[in-house]
A.B. asks: 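The structure follows.
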Amino acid sequence: QVQLVESGGGLVQAGGSLRLSCTASGRTLRNYAMGWFRQAPGKEREFVAAISVGGGSTFYADSVKGRVTISRDSARNMVYLQMNSLKPEDTAVYYCAAKYRQVQRLPGDYDYWGQGTQVTVSS
């Protein structure tokens with residue numbers, strides 16, 4: 001079992017930045033690809049970013065490309081999402097997820113999920 005806990009969300013003005021963190025416990029993340037997803041009210045959960053097991057490959061949704069950076073620190077069992085130039089449409093609950101071995105973009109393919117952290121971007 002892998003337990004994931006997100007932190008770092010909050011209220012920020014448009015154009016601002018936030019850094020989300022995901023802390024894992026229960027098992028090392030070294031064998032897991034990691035993803036960040038988000039879900040806005042009334043919408044389906046959507047892919048934001050993902051990083052491969054070794055951290056050598058990263059993937060981003062078109063809506064956040066160039067504004068968001070995913071990274072991982074396997075020694076600390078942590079994953080990060082640096083978000084810059086935030087827009088009101090980025091407002092959502094952001095979730096960290098773990099997928100054994102292979103990076104995926106679909107929420108249903110992930111094995112473990114955190115509880116989420118709220119990000120609110122005011123205009």
Side-chain angles (χ1 to χ4, degrees):
Q1 289 286 336
V2 176
Q3 291 79 42
L4 302 172
V5 178
E6 303 92 340
S7 61
L11 174 64
V12 63
Q13 288 188 333
S17 298
L18 282 175
R19 187 195 195 205
L20 305 184
S21 298
C22 174
T23 304
S25 61
R27 190 175 292 181
T28 178
L29 291 181
R30 287 194 176 94
N31 294 320
Y32 288 84
M34 300 299 296
W36 284 95
F37 293 79
R38 67 186 182 187
Q39 189 166 16
K43 294 188 177 182
E44 293 187 352
R45 193 167 298 189
E46 65 174 2
F47 170 78
V48 175
I51 188 166
S52 61
V53 168
S57 298
T58 55
F59 307 86
Y60 298 97
D62 289 342
S63 59
V64 302
K65 199 171 293 183
R67 301 188 296 120
V68 165
T69 303
I70 187 171
S71 60
R72 66 188 300 162
D73 185 340
S74 295
R76 296 186 175 186
N77 242 20
M78 295 190 69
V79 182
Y80 306 97
L81 188 71
Q82 177 67 45
M83 303 189 294
N84 301 321
S85 302
L86 284 163
K87 305 175 181 179
E89 50 263 44
D90 294 319
T91 295
V93 177
Y94 283 71
Y95 298 90
C96 173
K99 172 71 178 77
Y100 186 69
R101 289 296 187 185
Q102 191 171 6
V103 170
Q104 299 288 349
R105 290 176 177 255
L106 297 178
D109 290 328
Y110 279 73
D111 303 310
Y112 301 101
W113 290 87
Q115 294 300 307
T117 184
Q118 176 70 47
V119 171
T120 303
V121 184
S122 63
S123 57

A.B. asks: If two hydrophobic side chains count as joined below 4.5 Å and joins carry through other members, does Phe47 share a cluster with Ile51?
C.D. replies: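 Not linked; separate clusters.
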A.B. asks: Drop me the distance from Ser122's OG to Leu86's CG, to the nearest 0.5 angstrom.
C.D. replies: 10.0 Å
A.B. asks: For Gln118, check side chain to side chain donor-acceptor pair (under 3.5 Å) against everything at least two apart and list the hits.
C.D. replies: Thr120
A.B. asks: Show the nearest heavy-atom pair for residues Ser123 and Ala14, with the distance to one decimal.
C.D. replies: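 Heavy atoms only, the tightest pair is CA-CB, 4.4 Å.
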A.B. asks: Quick one: which of Leu18, Leu11, Thr91 gives a side chain to side chain contact (heavy atoms under 4.5 Å, CB included) with Val119?
C.D. replies: Leu18
A.B. asks: So how far is it from Ser7 OG to Gln115 CD, rounded to the nearest 0.5 Å?
C.D. replies: 13.5 Å
A.B. asks: Can you list every side chain to side chain donor-acceptor pair (under 3.5 Å) pair that touches residues 102-113, not counting sequence neighbours?
C.D. replies: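 Listed once each, the pairs would be none.
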A.B. asks: Between atom OG of Ser25 and atom CD of Gln3, what is the distance when rounded to the nearest 0.5 Å?
C.D. replies: 4.5 Å
A.B. asks: If the condition is side chain to side chain donor-acceptor pair (under 3.5 Å), which residues does Asn84 pass it with, not counting sequence neighbours?
C.D. replies: Ser17, Gln82
A.B. asks: Given 3.5 Å as the limit, does a donor-acceptor pair link the side chain of Glu6 with the main chain of Cys96, or not?
C.D. replies: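 A pair under 3.5 Å: yes.
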A.B. asks: With the side chain counted from C-beta on, respond yes when Val64 and Met83 share a heavy-atom pair under 4.5 Å apart, and no when they do not.
C.D. replies: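 Not touching, per the 4.5 Å side-chain cut-off.
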A.B. asks: With a 4.5 Å cut-off on side-chain heavy atoms, are Met78 and Cys22 touching?
C.D. replies: no
A.B. asks: Under the side chain to side chain contact (heavy atoms under 4.5 Å, CB included) criterion, do Tyr80 and Leu20 qualify, and how do the steps go?
C.D. replies: CA-CA 6 Å; Tyr80 306 97; Leu20 305 184; over 6 Å; no
A.B. asks: Excluding sequence neighbours, so at least two apart, what forms side chain to side chain donor-acceptor pair (under 3.5 Å) with Asp90?
C.D. replies: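 Applying side chain to side chain donor-acceptor pair (under 3.5 Å) to Asp90 gives Arg38, Arg67.
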A.B. asks: By the salt bridge (Lys or Arg N to Asp or Glu O under 4.0 Å) test, which pairs, at least two apart or in different chains, include something from residues 72-84?
C.D. replies: Asp73-Arg76
A.B. asks: Quick check: do Ile70 and Trp36 have side-chain heavy atoms less than 4.5 Å from each other?
C.D. replies: yes
A.B. asks: Answer yes if Val93 and Phe37 sit in the same cluster of Ile, Leu, Val, Met, Phe, Trp and Tyr residues linked by side chain heavy atoms under 4.5 Å apart, and no otherwise.
C.D. replies: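 As far as the 4.5 Å side-chain criterion goes, Phe37 and Val93 are connected within one cluster.
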A.B. asks: Mind listing the closest non-hydrogen atom pair of Leu4 and Ala24 along with its distance?
C.D. replies: CD2-CB, 3.7 Å
A.B. asks: Given Met34, which of Val103, Val79, Leu81 fulfils the side chain to side chain contact (heavy atoms under 4.5 Å, CB included) condition?
C.D. replies: Val79
A.B. asks: Which residues satisfy the side chain to side chain donor-acceptor pair (under 3.5 Å) test with Arg27, sequence neighbours excluded?
C.D. replies: Tyr32
A.B. asks: Any donor-acceptor pair under 3.5 Å linking the side chain of Asn31 with the backbone of Arg101?
C.D. replies: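 Pair absent, no side-chain N/O of Asn31 close to backbone of Arg101.
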A.B. asks: Begin from the C-alpha positions of Val53 and Arg30 and carry the test side chain to side chain contact (heavy atoms under 4.5 Å, CB included) through to its verdict.
C.D. replies: CA-CA 6 Å; Val53 168; Arg30 287 194 176 94; 5.8 Å; no
A.B. asks: Ignoring hydrogens, what is the shortest heavy-atom contact between Gly114 and Tyr95? Give both atom names and the distance.
C.D. replies: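 Nearest pair, atom of Gly114 first, then Tyr95: O-CD2, 3.6 Å.
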